[in-house]
Amino acid sequence: MAFREYRIGCVMFGVALSLSMFITIVLPGLDISSMSSTKIALEKQLTYGWETGFNYFDPFLQGKDKPIKVTLTKNPKTGAPMDKRNAYVFPAGTHFPNGLTHDGILGDDVQKASQEIGKIDQASEEQGGVFVVSTTSDDTPYIEFASATKGWTVDATLKAADAQYLAGSGKTMFVREGCWWCHTLLPEQTQDWQSFGRPPLVGDFNGESPTTFGSDRKAPDLLHVGSRNSSREWMTMHFFNPRLVQPHSIMPRYDYLWGDVDVNGQPIDLKAWDEAYLSYAAGESIYAPDVPIPAADSEARMLIDFIINLK
Amino acid sequence: MLKYLFAKEDDIPQGTAAIFFGVSSIAWFIIGTGLGSFNAAKLAFPDMFHGLYALQFGHMRQVHVHAVIFGWIAMAFAASMMYITPALGNTKLWSEKLGVWNCLLYNVGLCLALALLWAGVTSGREYSDHIWPIDLYIALIMVLPWCLNVWMTVINRRTQGIYTTNWFFAGCMFMTVIVFLVGNMPEWLHLTGLNEAYMTWWFAHNILGLLITPVAAAITYYIVPKITGNPLYSHRVGHLHFWSIVVFYSTPAAHHLMSSPLPEWLKSFASVEGVLILVPAIAYVCNILLTMQGRWSMFVENIEIKFTITGVLLAIPLNMQGGFQQTRAINWYIHGTGWIVAHAHLALLGFSTFAEAASVYYGMQVLLRRKLWSASLANFHFWMLLIGFSLYWTSMTISGLIQGAAKIYEVPYVDVVIAEHPYMIVRWLGGTMVFFGNIVWLYNMVMTARAGDPVPVGRQPAEIAYTR
């Protein structure tokens, strides 16, 4: 062993590196894992599903295998009116988020409530189902498997929904298109309160992957953007060509996410649109060309749903 | 080069793997900085390349990062290790054949990895953007054979002790494998939430701190004594540098997430450890600069020393920034701004790149036994790099301070974008200068291989640099 005169050094090296990894991985890991989910974390998990980065079920990040967030004002089972409520529809075969499939993600109290009151143990990915986020009388948030507790089926819930948000698929677009290289999802704990809203709490991330905080902010923080601007029209124009609504923006155009046809089935000709836009930008015409409304299954629609949903 | 893939080990000339890695690294440097310049253009003029949908900013940004880190920096490290490790052990490289295969599969793997990132197939984690099958490929096929060559060469050395550079090489390669396998745990084990975010930055911090900076430093520990002829000022200070890297640089990962809701004890601990990074930093810089005693004229006359010492001098502001910008007192102001971008380029394009460029310049001349074709072009390359980098660093630091001020005074964000515009143009200009400088470098190196004057046996290229 040619390292023999370095035996003490090699042992010290191993001890130092192990100790360093114990302090910087094991201890923080234990501490972070002991944090209980907030209501926001439960909502995020149910909105984004299993994983919004690369995974087996959506290897090319096309927004597959994602739940649908819906808003309800009437009971899907009985049809009776009720207070506005969000529900999360997992069509059969959609993979569940970590909190539903693994212990130790939700936090002890939240998991207990979700199992005992929320009946999440009865849910299975093969059959799918509808989930809601509820709170107990002592304010512990929990996941409720509404298909078991209320009898809401996937089809009836989608039919009764006032609006459907493909926000989970949209987060996949957010990751794939690299939005997070410029837009952070992390109002800082110091002075970002006024501009960008409440910084996240320690339990807000349980079960979310990837978290895509971003580190290099070249554009406004988006964690609460849906509260500042919830106009779908504005978002549509802004994604198609940011310079239409903000002349000084340096954001790339995302017009290619519209796909081939718009919501009415009309083909989208980006080249012709660009020519009309250039003549508008040069002052030759008064109005900018109309922005096509994205088709219901277009990637642009998914991304807009995700952004609007960031309350 | 390819003819050696199936040759017998004894038939492969010494240094073949190093040359293969060296040429690849220069090519990747051109690609990486070209992409950087291309991306920077879009931050100044977003519609400049409109219509090139295949090259969207959000897809190309990480391709630039990984092309320079895994292409240029890591391959220049590999090239350096493949010739410095045997030279310091007074022996041959353990296996040139493994080295050649390693380099081929490294290039293939990197092309594949970058193509996937380009397509948007990503884990969504900064610096560990690669999907886990690619991570596995990098660890087992790109890095492990490289480690094996370095470790076995050190073990088979024909000297009694191990010189500073070689324990850095051997130790850092070990730590790199560990960091790679442990740092990608979120993907192997599907860790989620803050654990995932924290491990992302644990990886990013340690790959910089345990691979990129110490190996660059180790290279200068070889180049400076070798070319100046002075012995290293202090072997013991080298020890201090190495051990304080292991202890202090491996622990402050959480200081990258100072404004996120991580446990407060972790942030405070990381912040204190982060300041202690100044221990290895000061030890290192003093050691190298004191080694230069009596030979400072070479800083002007010799191209390798010019590159190396410029890198070492850039390590001073780098470490002063690094030590203090992560404290709570300063971090709240500059976190997430262009300041950090400037700092990252100071580490990678400033300190590290200058040290490696020197090593590749020197290694190619020694291994090819040919004198540099044109000292003037090498000087031109140096100044393009230094001026380009300085423009980049200055403009990004200023734009970062603008962003920081805007955070406090609650300036609407679009006004920040407007105020940053001139600095984005300067950044583009600086990056473009680096890009063109590198093209000149590749030309100079190709001409060196083809038409450089032979270096007589027993002479150093530096000794005959000015003889005609």
Side-chain angles (χ1 to χ4, degrees), chain A residues 2-3 6 13 16-17 20-21 23-25 28-29 31-33 35 51-54 59-61 98 105 175-179 181 184 186 188-192 194-195 199-202 204-213 215-220 246 248-253 256 274, chain B residues 42-43 46-47 50-51 53 56-59 61-62 119-126 131-132 155-157 162 171 175 178 182 186 190-198 202 243 246-247 250-251 253-254 256 259-263 266 332 335-337 340-341 403 407-408 410 413-414 417-418:
Chain A
F3 278 115
Y6 289 90
F13 182 64
L17 203 60
S20 156
M21 284 170 47
I23 296 172
T24 60
I25 296 177
D31 197 357
I32 293 169
S33 302
M35 303 293 175
E51 160 77 44
T52 49
F54 168 81
F60 296 103
L61 281 79
N98 246 18
I105 302 285
V175 172
R176 187 189 76 189
E177 294 302 322
C179 308
W181 292 121
T184 50
L186 184 75
E188 294 172 10
Q189 290 177 343
T190 45
Q191 68 297 318
D192 270 352
Q194 284 87 348
S195 302
L201 298 176
V202 68
D204 282 359
F205 297 99
N206 290 25
E208 187 186 10
S209 172
T211 41
T212 51
F213 288 166
S215 64
D216 174 10
R217 192 188 279 170
K218 299 189 271 297
Q246 178 47 267
H248 298 288
S249 169
I250 58 168
M251 185 169 126
R253 301 191 207 174
Y256 60 98
D274 204 42
Chain B
K42 290 196 229 177
L43 290 174
D47 280 334
H50 179 67
Y53 291 112
Q56 279 281 314
F57 179 86
H59 288 242
R61 193 247 193 218
Q62 62 270 43
V121 180
T122 170
S123 67
R125 300 168 54 233
E126 189 168 2
I131 61 175
W132 69 258
I155 286 174
N156 291 335
R157 72 190 181 280
I162 302 176
M175 292 192 282
I178 299 284
V182 175
H190 201 258
L191 297 186
T192 54
L194 274 183
N195 278 318
E196 182 259 359
Y198 174 61
W202 188 90
W243 289 106
V246 174
V247 175
S250 66
T251 39
H256 294 261
S259 58
S260 72
L262 282 181
L266 181 59
W332 68 279
H335 179 84
T337 68
I340 304 296
V341 183
Q403 282 175 284
K407 277 204 287 195
I408 306 173
E410 294 167 43
Y413 207 92
V414 69
V417 174
I418 295 168

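Chain A is the first sequence line, chain B the second, and so forth, proteins listed ahead of strands; every chain is numbered from 1. Worth saying up front: this structure is predicted, and the values here are computed from it rather than measured.
A donor-acceptor pair under 3.5 Å links the side-chain atoms of Gln403(B) to the main chain of Arg217(A), judged by distance alone.
Summarising the geometry, atom CD1 belonging to Ile32(A) is positioned 5.0 Å from atom CG belonging to Asn195(B); distances are rounded to the nearest 0.5 Å. Note: Lys218(A) NZ to Leu43(B) CG = 6.0 Å, rounded to the nearest 0.5 Å. Within the model, atoms OG of Ser195(A) and NZ of Lys407(B) stand 10.5 Å from one another, a figure rounded to the nearest 0.5 Å. Taken to the nearest 0.5 Å, the CH2 atom of Trp202(B) stands 6.0 Å off from the OG1 atom of Thr24(A). Between the OG1 atom in Thr192(B) and the CD1 atom in Ile105(A) there is a gap of 4.0 Å [rounded to 0.5 Å]. Expressed to the nearest 0.5 Å, how far CG of Asp204(A) lies from CG of Leu194(B) amounts to 8.5 Å.
With a threshold of 4.5 angstrom between heavy atoms, Ile418(B) approaches chain A through side-chain atoms but not through N, CA, C or O. The contact between Thr122(B) and chain A is made by backbone and side chain atoms together, counting heavy-atom distances below 4.5 Å. Proximity to chain B is limited to the side chain of Leu186(A), based on heavy atoms less than 4.5 angstrom apart. Both the backbone and the side chain of Glu188(A) come within contact range of chain B, each with at least one heavy atom under 4.5 Å from a heavy atom of that chain. The contact between Ile23(A) and chain B is made by backbone and side chain atoms together, counting heavy-atom distances below 4.5 Å. With a 4.5 Å cut-off on non-hydrogen atoms, Leu262(B) touches chain A through its side chain but not through its backbone. If you measure heavy-atom distances from Leu266(B) to chain A, the contacts under 4.5 Å come from the side chain alone. With a threshold of 4.5 angstrom between heavy atoms, Pro28(A) approaches chain B through its backbone and through its side chain. Ser33(A) touches chain B through backbone and side chain together, each having a heavy atom under 4.5 Å away. For His256(B), no part lies under 4.5 angstrom from a heavy atom of chain A. Interface residue Asn98(A): only side-chain heavy atoms are found under 4.5 Å from chain B. Heavy atoms closer than 4.5 Å to chain A are found in the side chain of Gln56(B), but not in its backbone. Interface residue Asp274(A): only side-chain heavy atoms are found under 4.5 Å from chain B. Both the backbone and the side chain of Trp332(B) come within less than 4.5 Å of a heavy atom in chain A.
At a threshold of 4.5 Å between non-hydrogen side-chain atoms, the residues Asp216(A) and Arg61(B) count as touching. Contact of the Lys42(B) side chain with the Pro252(A) side chain is not registered, since no non-hydrogen atoms from C-beta on lie closer than 4.5 Å. Side-chain contact between Pro261(B) and Leu201(A) is absent, with no heavy-atom pair separated by less than 4.5 Å.
For the options Ser249(A), Gly207(A), Ala16(A), Gly178(A), heavy-atom pairs under 4.5 Å to chain B are most numerous at Gly207(A). For the set Asp192(A), Thr52(A), Leu17(A), the entry with the most heavy-atom pairs within less than 4.5 Å of chain B is Leu17(A). When each of Gly29(A), Gly53(A), Pro199(A), Ser215(A) is scored by its heavy-atom pairs under 4.5 Å with chain B, the top score falls to Ser215(A).
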I'd like to know whether Val121(B) forms a side-chain contact (heavy atoms from CB on, under 4.5 Å) with Phe60(A), so could you lay out the CA-CA distance, the side-chain angles of the two residues, the decisive distance to 0.1 Å, and finally the verdict.
CA-CA 6 Å; Val121(B) 180; Phe60(A) 296 103; 3.8 Å; yes

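Nearest approach of Ala197(B) to Thr211(A), heavy atoms of both residues: CB-OG1, 3.4 Å. Taking both residues in full, the closest heavy atoms of Ile162(B) and Tyr6(A) are given as N-OH, 2.6 Å, listed atom of the first, atom of the second, then distance. Contact between Thr251(B) and Ser20(A) at its shortest, heavy atoms only, is CG2-OG, 3.7 Å. Of all heavy-atom pairs spanning Val414(B) and His248(A), the tightest one is CG2-CB, 3.8 Å. The two residues Tyr413(B) and Pro220(A) have their closest heavy-atom pair at CB-CG, 3.7 Å. Contact between Phe213(A) and Ser260(B) at its shortest, heavy atoms only, is CE1-CB, 4.0 Å.
Ring-plane geometry between Tyr256(A) and Tyr53(B) is classed as tilted, the angle between the planes lying from 30 to 60 degrees on a 0 to 90 degree scale.
Judged by distance alone, the side chains of Glu126(B) and Trp181(A) never bring a donor and an acceptor atom under 3.5 Å apart.
For Asp47(B), the salt bridge (Lys or Arg N to Asp or Glu O under 4.0 Å) partners at least two apart in sequence or on another chain are Arg243(A), Arg253(A). With sequence neighbours excluded, the residues satisfying salt bridge (Lys or Arg N to Asp or Glu O under 4.0 Å) with Glu196(B) are Arg125(B).
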